A.B. asks: 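Can you read through this structure? Questions will come right after.
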Amino acid sequence: MAKQELNQHSDHIKELNNQRPKQPFFFLKPTSSILLPGDGPVLRPKGVNMHFEIELGLVMGKTVRNLDPDDTQGALDAIDSYLLAIDMTARNVQDEAKRKGLPWSIAKGFDTFLPISNSIPKSRIADPHNVEIWLSVNGQVKQQDSTELMLFRIPRQLSDISRVMTLEKGDLVLTGTPKGVGPVTTGDVMTAGMRVDGKDVEEANMKVEVEDRGGAYEFAET
Amino acid sequence: MASSPALTAIRSNCRKVICIGRNYADHVKELNNQRPKQPFFFLKPPSSILLPGEGPVLRPNGVNMHFEIELGLVIGKQVKDLNTEDDSEILQYIDSYLLSIDMTARNVQNEAKKKGLPWSIAKGFDTFLPVSGPVSKEVLADPHNVELYLKVNGEVKQEDSTELMLFRIPRQLSDISKVMTLEKGDIVLTGTPKGVGTVQTGEVMECGLRIGGKEVEEAKMRVEVKDKGGNYEFAET
């Protein structure tokens, strides 16, 4: 199950005119939204204003339940590996959901709305709170920030999630996006990557094209 | 009541649980909700599934926990971009049926609705999806003509026919599959009728399914309710 933590970096909160949360909250993306490298483009559904959001992802290596938020070592031990992910979001669908108090599942859950990189071995990232993630559109940098800007750090995220729902081996946790989110349309190419101490993490490199989905969905009022 | 191998397999093979909201008119009214122009839906994590014999539903601290009885479908083959209103056409996609209770943290959900936050926590706590069955397609020939009931401590709280669904199953599967591909093993919950309400520690929910007035034995469910304890306590987001 792909689980997602909306651990918003402070400037990302501001750019979307959101309220800064007192505690973490999170939402689910279905595993059917995962797009593997080489599996084709991200598909923009009709009438959707589609945004990118680059995020550091954790692949869980074991069952986690009721983790103590101060158990930093326990949190790190529970991580099997990392990946880079783009939390594609139907922004207008999400805006309607927020306005009407509806779930976010459609806005976040379309097929292809979770492109991920190859698996990044744990040994490549000594400190997940000190990693630079970036995303460009057509060669122009849009997002570029360090994960040290997270408002709620990983042990707190895993603690808050696991006191609600048990995290299981193989679950994916996305740890939030920094400022700079924006729309992409058909023909755009997103590239993304990760740097540790200024050096590229090869496994994290991503290149994803954007195309219109076609098909039967068309955004309409709920 | 122990879990069958079939139900255990259903849980293992389940990659998502997708649930339609506000799909019975009097349920929409009882919660003072707006009737939607089109179906909407939300996800429950498979980690919330509770099989018979696995213990009680656990109420987290500070949560006003509601029951919602629902007919569930187990998907038997991939559904993608389906576009049909034909009741017979969708039977090929259904492997079997489940009875399920969509347990909901109502106050957490109310806060989410007020603040435009996701529903995932309100719907996603461990044990918040007790299920029973499976019921075969031979036994349950028409999913739009089944009576669901739920009692708390012997008192009937919900009891209605699935013919009251506002959006029928072909429409549900079509609308879901235009957004996200439904995969073999996925579970779809088809909405709850009127009569939802609170349960507390020490209470017992009993529910079931009737076809032509006759109880379907394999769907009968009995679930106790206990306080969860643990570290979660409802607080403002």
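Quantities reported herein were computed from a predicted structural model and do not represent experimental measurements. Just so it is clear: chains get the letters A, B, ... in the order the sequence lines come, proteins before strands, and each one is counted from 1.
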A.B. asks: Heavy-atom cut-off 4.5 Å, strictly under: side chain, backbone, both or neither for B:Ser177 against chain A?
C.D. replies: backbone

A.B. asks: For the NZ atom on A:Lys46, are there more than 12 heavy atoms of other groups (residues, nucleotides or ligands in this structure) within a distance under 6.0 Å?
C.D. replies: yes

A.B. asks: Using a 4.5 Å cut-off on heavy atoms from C-beta on, say whether the side chain of B:Leu117 contacts that of A:Lys98.
C.D. replies: no

A.B. asks: Heavy-atom distance under 4.5 Å between the side chains of B:Ser47 and A:Glu168, does that happen here?
C.D. replies: yes

A.B. asks: Checking heavy atoms, do the side chain of B:Lys114, its backbone, both or neither come under 4.5 Å from chain A?
C.D. replies: neither

A.B. asks: Quiz question: by atom type and distance under 3.5 Å, do the side chains of A:Thr31 and B:Lys16 form a donor-acceptor pair?
C.D. replies: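 Side-chain D/A pair, A:Thr31 to B:Lys16: absent.
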
A.B. asks: Between A:Trp104 (side chain) and B:Phe42 (backbone), is there a donor-acceptor pair under 3.5 Å?
C.D. replies: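 No; judged by distance alone, with no hydrogens or angles, the pair does not exist.
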
A.B. asks: Side chain, backbone, both or neither: which part of A:Arg65 has a non-hydrogen atom closer than 4.5 Å to chain B?
C.D. replies: side chain

A.B. asks: What's the spacing between A:Phe110 CZ and B:Lys178 NZ if we round to 0.5 Å?
C.D. replies: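 Result: 11.5 Å between the selected atoms.
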
A.B. asks: Would the number of heavy atoms belonging to other residues, nucleotides or ligands and lying under 6.0 Å from NZ of A:Lys100 be above 12?
C.D. replies: yes

A.B. asks: Nearest 0.5 Å please: distance from the CG atom of B:Asn231 over to the CG atom of A:Leu67.
C.D. replies: 9.0 Å

A.B. asks: Heavy-atom pairs under 4.5 Å with chain A: which of B:Gln38, B:Gln34, B:Lys228, B:Lys37 has the most?
C.D. replies: B:Gln38

A.B. asks: Which heavy atom of B:Met180 sits nearest to which heavy atom of A:Gly109, and what is that distance?
C.D. replies: CB-O, 3.6 Å

A.B. asks: What's the spacing between B:Leu43 CG and A:Ser32 OG if we round to 0.5 Å?
C.D. replies: 8.0 Å

A.B. asks: If you count heavy-atom pairs under 4.5 Å with chain A, which of B:Ala235, B:Ser120, B:Pro118, B:Ala122 comes out on top?
C.D. replies: B:Pro118

A.B. asks: Would you indicate whether the side-chain heavy atoms of B:Arg22 and A:Leu102 approach each other to under 4.5 Å?
C.D. replies: yes

A.B. asks: To the nearest 0.5 angstrom, please state how far the CG atom of B:Asn61 sits from the CZ atom of A:Arg163.
C.D. replies: 10.0 Å

A.B. asks: Who among B:Ile121, B:Asn83, B:Leu82 has the most heavy-atom pairs with chain A under 4.5 Å?
C.D. replies: B:Ile121

A.B. asks: With A:Tyr217 as reference, evaluate B:Asp175, B:Asp81, B:Val179 under the side-chain contact (heavy atoms from CB on, under 4.5 Å) test and give the passing residue.
C.D. replies: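 The single option meeting the side-chain contact (heavy atoms from CB on, under 4.5 Å) with A:Tyr217 is B:Val179.
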
A.B. asks: Check whether A:Asp111 reaches the backbone of B:Thr181 with its side chain - one donor and one acceptor, N or O, closer than 3.5 Å.
C.D. replies: yes

